[in-house]
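Here the structure comes first, spelled out in structure tokens, and everything after it is commentary.
In what follows, every heavy atom counts, from backbone to side chain, and hydrogens, waters and symmetry copies are set aside. In what follows, chains are A, B, ... by sequence order, proteins preceding strands, each numbered from 1.
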Protein chains: 2
Amino acid sequence: MENTDRPTAGAGAAKKNGSGTGQKATRDAAATRARILNAASKEFAKKGLKGTRIDAIAKRARCNKALIYHYFGNKEALFSTVLERNYEAIRSAERQLDLAHREPVAAMRELIGFSFDYVSAHPEFISLINDENMHGGVHVAHSVKARDLNSPLVAMIETILERGQGEGKFRSGVDPVQLYISIASICYFFIANRSTLSAIFGLPKTSEVLAQRREHVIEVILGYLRPEADGQDLPSMPKA
Amino acid sequence: MENTDRPTAGAGAAKKNGSGTGQKATRDAAATRARILNAASKEFAKKGLKGTRIDAIAKRARCNKALIYHYFGNKEALFSTVLERNYEAIRSAERQLDLAHREPVAAMRELIGFSFDYVSAHPEFISLINDENMHGGVHVAHSVKARDLNSPLVAMIETILERGQGEGKFRSGVDPVQLYISIASICYFFIANRSTLSAIFGLPKTSEVLAQRREHVIEVILGYLRPEADGQDLPSMPKA
DNA sequence: TAATTATCTAACCGTTTGGTTAGTTAGGGG
DNA sequence: CCCCTAACTAACCAAACGGTTAGATAATTA
């Protein structure tokens, strides 16, 4: 089932160190820590902070329960660490995006597509965020690391918007933070609520449905960003 | 603190029935059931299914724990009932919307504003949905009542879109279900993630921030719905 | 290779928790 | 007025759970 991580070498009676791919034979604190974090990430995402059993994490990480306490102190601290790690992962992925040399509309399209694809590929991240929000965001608030991890996407959006506006490709008066939140929203919701959406709307969880949704999301944001046509009355808030 | 519901009359030694506002003095199954459901709704929303303690619900409802089991069977069944009730509530509120006689753009604006306001006023509903999705939507899936409660907003959106397209106020080729999901998304996200958003972006939870967000949300959707200007190259997916 | 340190574990513990039991009290119908 | 049903409760229980302890085993160092 989930035999991604190996606990000890185990293949036969190999007692000595590394046979090939850097697998440690018997004891490896770093690898064990990593196994625990991976296991915890999955369990917390699936069951939530309260629903997760430390024993389940230990079993999945194939280590002793006490080892978890040894490395991470307690359940909440482990949860915080898992959250931090997940934030770091998405921020790092975001930073890989190189949009500076792309034409503004294409750049924006890629940014939105990236956001959609990331959450599609990492639904556990969304579950963690949801759970964290249910608990009032205390772990994020207390984690300097996570709090300082402001998304680089906001700055990218700002740059793309400016360039696009200069070229007459985008409308004016768009707040980058608001737009960032909107992009995150439409990407996030579909993944976060896949279960209830599929139950209520009968939407199957196929890749085709996902692709359609992805296209729609891009269309909505780019459609919004279209410049005001001269003389066209924008159906937004009348100024008076 | 939370003295909204009264358990028994309690004012002095009044032993007989209803003094005024329909409050039952001593025993009232319907009122007790309602108190339990209200208490459960709040507790589940704040702590989640796993995080909620039946004792906490009993305390908040000011009744004995066994009574909860007597009326609702077990924790999960109670959670399902709470979920159903919350779905019924939002669907009922949605049905109150009368947009048939409004001008399309105004109608759409009101529909979006309503959605935003509803989730702003009922963050517990969102917490429940989040928790339900973490558990794979099993309760909604098993509840015929909730599953059949498809949102009336989809049909309303469809009608408004058609009228608006006929009048040249809206673009063509918009899928009502996709649009419904997008509207729900941008309304939902900001409320669901208020804690982490405020932690990371330093957004205070003031009504001013909320109002700005509301305005932006409406602007995005209406901006997207603007008709294609003649000859204007839509920055959406090139057909070839 | 002996001493030391770090990794890791089996077994245990006190508390919390969902759920039950056995019964008490109010109220309505005959 | 009495009895029967339904509302309600105090006390209890076994299982589950987060966390601890005491120690065993592997790696490292002197």
For A:H70 and D:dA24, what is the distance between atoms NE2 and C1' respectively, to the nearest whole Å?
14 Å
Would you mind classifying the nucleic acid contact of A:A66 as base, sugar-phosphate or nothing, using non-hydrogen atoms under 4.0 angstrom?
base
Show the numbers, then the answer: is there a salt bridge (Lys or Arg N to Asp or Glu O under 4.0 Å) between B:E94 and B:R91?
CA-CA 5 Å; B:E94 287 171 349; B:R91 296 311 180 224; 3.4 Å; yes
Categorize A:L67 for me: base, sugar-phosphate, or nothing, with a 4.0 angstrom heavy-atom threshold over every strand shown.
base
B:Y69 OH to C:dG23 P, straight-line distance once rounded to whole Å:
22 Å
Figure out the NZ/P separation between B:K75 and C:dG18, and round it to whole Å.
4 Å
For A:D28 and C:dT5, give me the distance from atom CG to atom P, rounded to whole Å.
21 Å
Does B:Y71 put a side-chain nitrogen or oxygen below 4.0 Å from OP1 or OP2 of D:dA6?
no
Whole-Å distance between D:dA7 P and B:I36 CD1?
11 Å
Checking A:T52 against A:E43: is there a side-chain donor and acceptor pair closer than 3.5 Å?
no
Could you state the atom-to-atom distance from CG of B:D55 to P of C:dG19 in whole Å?
11 Å
Under 3.5 Å, is there an N or O donor on one side and an acceptor on the other linking the side chain of B:K65 and the base of C:dG18?
yes
Is the base of C:dA10 touched by the side chain of A:N64 through a donor-acceptor pair closer than 3.5 angstrom?
yes
Of the options D:dG18, C:dG18, C:dT7, whose atoms approach the side-chain atoms of B:I54 most closely?
C:dG18
For A:I57 and D:dC17, what is the distance between atoms CD1 and C1' respectively, to the nearest whole Å?
12 Å
OP1, OP2 of D:dC17 versus side-chain N and O of A:R53: anything below 4.0 Å?
yes
Is there a donor-acceptor pair under 3.5 Å between the side chain of B:N74 and the backbone N or O of B:A77?
yes
Does some side-chain heavy atom of B:I186 sit less than 4.5 Å from a side-chain heavy atom of B:R213?
yes
D:dT9 C1' sits how many Å from B:R62 CZ, rounded?
17 Å
Nearest-nucleotide pick for A:C63, side chain only, options being D:dA7, D:dG18, C:dT9
C:dT9
Is a donor from one side chain sitting under 3.5 angstrom from an acceptor on the other, for A:R33 and A:N38?
no
Tell me whether the OP1 or OP2 atom of C:dC8 has a side-chain N or O from A:T32 closer than 4.0 Å.
yes
